[in-house]
Amino acid sequence: MDTLVRFLFDFLTIFFNGIKTIALGIFNGFKEIFNIPNYIKVIHEYDGEMTGGMLIIQIISIILFVVLLIVITILIIWLIKRLFVFRKRVLEQEDVLNEVGKLQEQVVKLQKEKDSIMSMKVSQLGLKPGEELEENTALEEVIDASDARFTKLTAIDLAYKNYKPANYNNTFTLPELVDLFRNFAASKLGLYYSEEMIIIFLSAIASTKLVILQGISGTGKTSLAYAWGKFVNNDSCIASVQPSWRDRTEFFGYLNEFTKKFNETEVLAEIYKASYTDDVYTMVLDEMNIARVEYYFAEMLSILELPNRDEWLLEIVPSPASDDPIKLENGKLRIPGNMWYIGTINNDDSTFMVTDKVYDRAMPIDINDKGKPFEYKEVDSMNINASYLEGLFAKACEEHPLTDEMYTKIEELDDYVIQHFRIAFGNRIVKHMRGFVPVFVACGGTEVDAVDYFIARKILRKFEQLNISYIRDEIDGLIAFMDKKFGKTNFNECKEYLRRLKKLA
């Protein structure tokens, strides 16, 4: 055994002595290269012998040599740094691999949490995890919904897969609806509205899908839309408009090109859910003019004006996919007719002016007074079929159409306004009037009051865009014309508005 140890020692000694010699050689070599005293000694030995041109060459040689030493030094330092950088990169790669390992563990954990959440979703759909599920609502389908690019809409498809629109067998009339809604708001919500305000509201939603509630802050604009949602047993979807809204993606969402999933908004989900039912749905655009309405709502303004509802299609994605929601037709969503859009606006320095394009397509309602308490009766909320409600509106148009006599007076008023103020009504406004006035009358109002309110909010509003000082003298003539055509005791809304406008001149 000792012989073997001595053999290995003698054998390996040769190898390590060689390494030692190389290391000492390199060290001694660098030591000799940077032996500055020896260089100085040689220079001194030849001090007296170098003259003239040789002295110049000597100096240049010394300078070049010094530069060479500096270059060698820099090169050595650079090589040492490269070695440390390489080592650092190796360590960073190891750290990255360790981090990847940790992330993989987190992915497994999140997958378990996802399964738990999807189990909760199954429970919300009326199923309990662990029980035997029907074929159409299998757990695998519910979990697959989270992998689709439209998560919310696909979940709605699953929830409403076997749903059939309910028939609530409504029998109320429009006057009864006015009374029921007014008493419900007072008894259940503590909100008081005049009978006239409820009539105007119902007439507005009969004339157009977009209603604008405007007036001073604190008079209950948002509350009216909120109360309507509570009354029809479908809470209004509140879309709080933000100043940063610049296009429709803020309203409906957008396709994330990185994740390949669609970022759905609650607005889009509510519209999609409404398409499954015959219930009355309400979308509230709270402070809608805090951003420019025509930026984020332009397409909806155009779509809701189309007479044929089969053409109410909004492109959501440019190309369809196999896992898209059922009611997306080639990437397009059919806007349901059972949803109304109610915008609230405040006119102050923080908001934008609502343009004619928006006002012409909407029915504005002024709410400038707080409701006065009254003796109410207890009324519960009720389910209402949108088809029944629109049927009441259609019936009102048949039974209480705009009379020929009134229409003639309106045409004469239109001619007068064109001649003196260069403002015309337009076919769209007349169409809205033919929907507003009959329902106003059917609810218990009068034709002349309906026309008065409509013209004051839809036509005379345009006067604000004119130079009031130039038309000031013409206002008295318009008031006299209204007295002559509609009677001195009528058209009080229009006359009051014109007098108020005259004071601003």
Side-chain angles (χ1 to χ4, degrees), residues 173-175 177-178 181 195-214 221 224-225 228 232 280-285 288 293 297 300-309 312 335-345 354 356-367 384 386-403 406-407 410 413-414 424-462 493-494:
T173 62
L174 284 175
L177 181 61
V178 171
F181 179 32
E195 184 178 3
E196 182 186 16
M197 178 54 62
I198 303 301
I199 291 175
I200 291 171
F201 177 75
L202 291 177
S203 303
I205 65 174
S207 63
T208 178
K209 289 294 181 181
L210 176 60
V211 176
I212 295 178
L213 305 180
Q214 57 190 12
K221 297 184 294 296
L224 178 58
W228 176 248
V232 299
V280 175
Y281 281 79
T282 311
M283 180 73 62
V284 180
L285 308 178
M288 68 184 301
V293 181
F297 205 65
M300 288 294 289
L301 289 175
S302 300
I303 289 172
L304 296 176
E305 278 294 300
L306 297 175
N308 186 357
R309 290 189 180 180
W312 286 14
I335 303 300
N338 58 330
M339 175 169 281
W340 281 264
Y341 306 84
I342 301 177
T344 65
I345 67 173
V354 178
D356 263 356
K357 176 181 179 180
V358 179
Y359 268 125
D360 285 351
R361 290 163 172 77
M363 181 60 211
I365 299 176
D366 283 355
I367 304 180
I384 297 178
S387 57
Y388 179 81
L389 181 62
E390 291 193 309
L392 289 180
F393 295 157
K395 182 180 179 182
C397 291
E398 291 177 2
E399 295 179 349
H400 308 282
L402 202 62
T403 61
M406 180 60 71
Y407 187 71
I410 292 171
L413 177 62
D414 187 17
F425 289 10
N427 293 330
R428 181 186 293 113
I429 292 177
V430 173
K431 176 186 174 184
H432 289 173
M433 187 187 298
R434 290 186 180 278
F436 181 91
V437 175
V439 174
F440 192 99
V441 175
C443 287
T446 64
E447 183 182 53
V448 67
D449 286 342
V451 174
D452 174 31
Y453 189 90
F454 187 90
I455 290 178
R457 301 301 177 271
K458 292 281 282 186
I459 310 301
L460 301 187
R461 177 200 56 78
K462 297 176 181 289
E493 288 282 346
C494 288

Heavy-atom distance under 4.5 Å between the side chains of [X] and [Y], does that happen here?
X: M300; Y: I335; value: yes
X: R361; Y: T208; value: no
X: L224; Y: I365; value: no
X: Y359; Y: Q214; value: yes
X: L389; Y: V232; value: no

*What class does the angle between the rings of F201 and F181 fall in, given that below 30° is parallel, 30 to 60° is tilted and above 60° is perpendicular?*
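Ring orientation of F201 relative to F181: tilted.
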If I compare all heavy atoms of [X] with all of [Y], which pair ends up nearest, and what's the gap?
X: G435; Y: C397; value: CA-SG, 4.3 Å
X: P175; Y: A442; value: CG-O, 3.3 Å
X: M433; Y: I410; value: SD-CD1, 3.3 Å
X: V280; Y: A386; value: CG2-CA, 3.9 Å
X: C494; Y: D452; value: N-OD1, 2.9 Å
X: P438; Y: A396; value: CB-O, 3.4 Å

May I ask you to decide if [Y]'s main-chain N or O and [X]'s side chain share a donor-acceptor pair within less than 3.5 Å?
X: W312; Y: I303; value: yes
X: T344; Y: V284; value: no
X: K458; Y: A362; value: yes
X: E447; Y: T403; value: yes

Can you tell me how far [atom2] of [Y] sits from [atom1] of [X], rounded to the nearest 0.5 angstrom?
X: L174; Y: I199; atom1: CG; atom2: CD1; answer: 10.0 Å
X: M283; Y: L210; atom1: CE; atom2: CG; answer: 12.0 Å
X: T282; Y: I205; atom1: OG1; atom2: CD1; answer: 7.5 Å
X: K221; Y: I345; atom1: NZ; atom2: CD1; answer: 8.5 Å
X: R457; Y: F436; atom1: CZ; atom2: CZ; answer: 9.0 Å
X: F454; Y: I429; atom1: CZ; atom2: CD1; answer: 6.5 Å

*Kindly check if the number of other-residue, nucleotide or ligand heavy atoms within 6.0 Å of CD (E493) is above 12?*
yes
_Within 6.0 angstrom of K462 NZ, more than 12 heavy atoms from elsewhere_ =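 Yes.
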*asked:* Between I212 and M288, is the side-chain contact (heavy atoms from CB on, under 4.5 Å) condition met? List the steps.
replied: CA-CA 9 Å; I212 295 178; M288 68 184 301; 4.1 Å; yes
*So among R428, K431, K209, K357, which one has a salt bridge (Lys or Arg N to Asp or Glu O under 4.0 Å) with E305?*
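Result: among R428, K431, K209, K357, R428 is the only option passing the salt bridge (Lys or Arg N to Asp or Glu O under 4.0 Å) with E305.
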_Criterion side-chain contact (heavy atoms from CB on, under 4.5 Å) on W228 and I198, from CA distance to verdict_ = CA-CA 10 Å; W228 176 248; I198 303 301; over 6 Å; no
*Step by step, work out the side-chain contact (heavy atoms from CB on, under 4.5 Å) result for V430 and D414.*
CA-CA 11 Å; V430 173; D414 187 17; over 6 Å; no
